[in-house]
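Below is one structure, written out as structure tokens, with a few remarks after it.
Order of the sequence lines fixes the chain letters, A, B, ..., with proteins taken first and strands second; residue numbering starts at 1 for each chain.
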Amino acid sequence: MDMNAYLSMFIDESNDHLQSLNENLLKLESAPEDISIVQVIFRSAHTLKGMSATMGFEDLASLTHEMENVLDLVRNHKLRMDNFIFDTLFKGLDALESMVQDIMGGGTGKADVASIVTSLKSIVKGDYKDDSAAAKPAAAVAGDDGSTLDQFQSSILLQSIDAGMTVFHIVVTLRDDCVLKAARAYMVFDFLERSGEIVKSSPSSQDIEQEKFDRSFTVFTIASIPEAELRSGIESVSEIESAVVTQLDKESLQQLGVSTAQGAPTASASIAVDTVSAASAQAAAAASPAPTAPAGSAPAAPASGGGGGSRTIRVDIDRLDSLMNLFSELLIDRVRLEQLASEIRRNELTETVEHMSRVSSDLQNIVLKLRMVPVESVFNRFPRMVRDLAKSLDKKIELVISGADTELDRTVIDEIGDPLVHLLRNSLDHGIESVADRLAAGKPETGTVHLRAYHSGNHVFIEVEEDGRGINADRVKQTAIKNGVVDAESAKRLTDSEINMLIFAAGFSTADKISDISGRGVGLDVVKTKIESLGGHVSVESAQGRGTKFSIQLPLTLSIISAMLIKLGAEKYAIPLSSIVETAIVPREQIRKIHGNRMIDYRGSVIPLVSLAQVLGCTSFPEEEEHETEILVIRKGTKLCAVTVDEFLGQSEIVLKTLGKYLTNIEAISGATILGDGQVALIVDPNALIK
Amino acid sequence: MGEETKVIVFGLANEEYGIEVEKVRTIERMVPITRVPKTMTFVKGVINLRGVVIPVIDLRGRFGLPETEATESSRIVIVAAGDLEVGFIVDSANDVIDIDSDTIDTPPEVVGGIKAKYLRGVAKVGEDRLLIMLNLSEVLNKSEIIQLEHIEA
């Protein structure tokens, strides 16, 4: 069978399952008693295991299998989640993720996961808690791995010993790379049956046949051959790593029997207490979620079951991109047709064109919507990141995410991940104080980081806000002067918010010591450049001692925008509608000069007046001869500015085009578009007009 | 005999230049050019080439020759070098010829006032025809221009 055909599907679905594992584990960490979450995790892990086994990614399958074993115990109330288990499971997830990454990159998905597998196994065996305890072997024998005997079995064994036969307890371990575990186990069983009688095996022989066991299994057998022969016989089966054969006498058998009767091993007291407390806690845990579980899992079931919810198909991103490109071409032709229709003035033509326009704007909505992805797909990796970072920084941090369902164009989504990682790392490392500092400052010991996304007009805002120490304006100023970002003279004149913006300057770092988390201060200027290349803005607000808020403003889409077309003499320009507040006509005498700068009165406040012709060096518009000037009031953040133009041509949907690689970083121009008459019009970047 | 290469021949200030045919996308008649503010003076602006916005530079200006008004025979040669796609305004473009790579000599120090680094060589065609082969990546190299402007400023 050609597996390549299924590979992309496998990768997609694996990533989905890994994501869901990650999310649910985090959920479980905050509510460790909620068994319904464990069920969801178990299902994901199980599917993942099945898929990877089918695709032949054995390492992936076996690691998932180990994790599944642990989850199975938790699910059946045999094990209680604790920090060690969470950490091990998270480690396992990371390993799984890197394997899937490897497979995506064309690799074989092989990885060395021995240490994780060992930890997982020790969790299953239940002996991880008392590594130091001297009674470890006792726990292994009498512990959770089923080597205990019921009364019937122990009486058989006792009788056999009385009858002069030898009884053995055998632990068989298969080799790590064993491919046919069930077959090897069968060969061992076959040998034991021939040389005696198997009284009990753990896991049960049924489970072993179905390969429902790890690398090892235990057997109680009544054998007719001596110990050494038994061992060599088992080890002669290939792919067996070891066989530990222990002869049992009456005493040890009685111990095993007693231990089962009491439900706790007779080993050291500490273990007994441990087990009892764990058992009682399990009982409590089992009792308490029991009534709530049906209520909690009932609404979750239809959603995760996927039977009823929205029906979706997976579409190749390239196809969506080419759909978008084709639609852009159509849009240019539509504008052209509209123009022609208005020139030709024939009713039938006008009607058809109008109808086409309506259809195409519906189409535009759908095409744009198709490309919209909830920011969730970026946000969902952050809880895990914050958890790990907080642990490594030894801080207590809670991440509160809101508005994860806010949608953004896929091209924007693809690009904002890294800047957000930078900002979050920065907030965690430099913003939130250590527990001691927080308590000293009279704050709760757990720092809170809010990650918010919301729509506003044609933009989406993403905010990262923490309640940490805030930006130390003086230190920022000093560092900026020291690093040559500003000179001492101009630094004196800066307002607080301007000082805060200095942290986005290249080569700036206020961290006293360089940490491996937010690095050398290269982060924030990269964030700024990236966001601005997406047509967005970053700003920062901070109150010393109370926290810092970074906010990112992003355009909804990067390909089609609404714009106002204007004329300067013979030249036409487009200005994004999103930053236009209003248009107006002002008589010449209302333009005032303040300190050499032209200003106008706008709704009670005085705002600067900028000549677009001057900024763009346009000579064909004799501005000085006008008695009345058309102005556009534009906004950047809270700042307003009036821009003089020659003539308004009207509002239009325009398709963004780049100026090509040869022309980059043109001042005040953000791109170009093709107008209905086939001419190129440049798109003015309004933000460059406001200083 | 060396390898035969096809070259597009275009005229600029009474001299003939050549660009390998595979580097030339199309040759267009003059179309309206949208001025792009605040760029190098020889960048005339951008044009719409079947839905793609392409920057256009005046090759005369690029080589420091006096710029002239476009005439009936002026053409825009769209070239692609690496990931750059740029249009060159030239005085005329009307010939495709085969040249033998053996006939391309390394350029003499100064040819027609153009800095030699823009040239890949001079090809001799027939008895008395010289063709200046352009080194496209150098012609489109911006960092050098930016440095020059800084020095002048």
* If you take all heavy atoms of T34(B) and Q679(A), which pair is closest and at what distance? -> OG1-OE1, 4.2 Å
* In terms of heavy-atom proximity below 4.5 Å to chain A, should I57(B) be classed as side chain, backbone, both, or neither? -> side chain
* Apply side chain to side chain contact (heavy atoms under 4.5 Å, CB included) to the pair L682(A) and V46(B), showing each step before the final yes or no. => CA-CA 9 Å; L682(A) 299 179; V46(B) 286; 4.1 Å; yes
* **For chain B, the option from V615(A), V680(A), I669(A) that forms the most heavy-atom pairs under 4.5 Å** => V680(A)
* Asked: Say you draw a straight line from CD1 of I54(B) to CG of L663(A); how long is it, rounded to the nearest 0.5 Å?
  -> 11.0 Å
* R35(B) side, atom CZ; L616(A) side, atom CG - distance, nearest 0.5 Å -> 7.0 Å
* Asked: Which heavy atom in T39(B) sits nearest to a heavy atom in I666(A), and how many Å separate them?
  -> CG2-CD1, 3.1 Å
* Asked: More than 12 non-hydrogen atoms from neighbouring residues, nucleotides or ligands closer than 6.0 Å to CD on Q339(A), yes or no?
  -> yes
* Validation row: L659(A), V53(B) side chains within 4.5 angstrom (heavy atoms) -> yes
* Please state whether the side chain, the backbone, both or neither of V52(B) comes within less than 4.5 Å of a heavy atom of chain A. => backbone
* Which pair of non-hydrogen atoms, one from L84(B) and one from Y662(A), has the smallest distance, and what is that distance? -> CD2-N, 3.5 Å
* Would you mind checking which part of V86(B) comes under 4.5 Å of any heavy atom in chain A, side chain (CB onward), backbone (N, CA, C, O), both or neither? => side chain
* Look at atom CG of N14(B) and say whether more than 12 heavy atoms of other residues, nucleotides or ligands are closer to it than 6.0 Å. => no
* Answer yes or no: does atom CD of E72(B) have more than 12 heavy-atom neighbours from other residues, nucleotides or ligands under 6.0 Å? => no
* With only heavy atoms counted, which part of T658(A) is less than 4.5 Å from chain B, the side chain, the backbone, both or neither? -> backbone
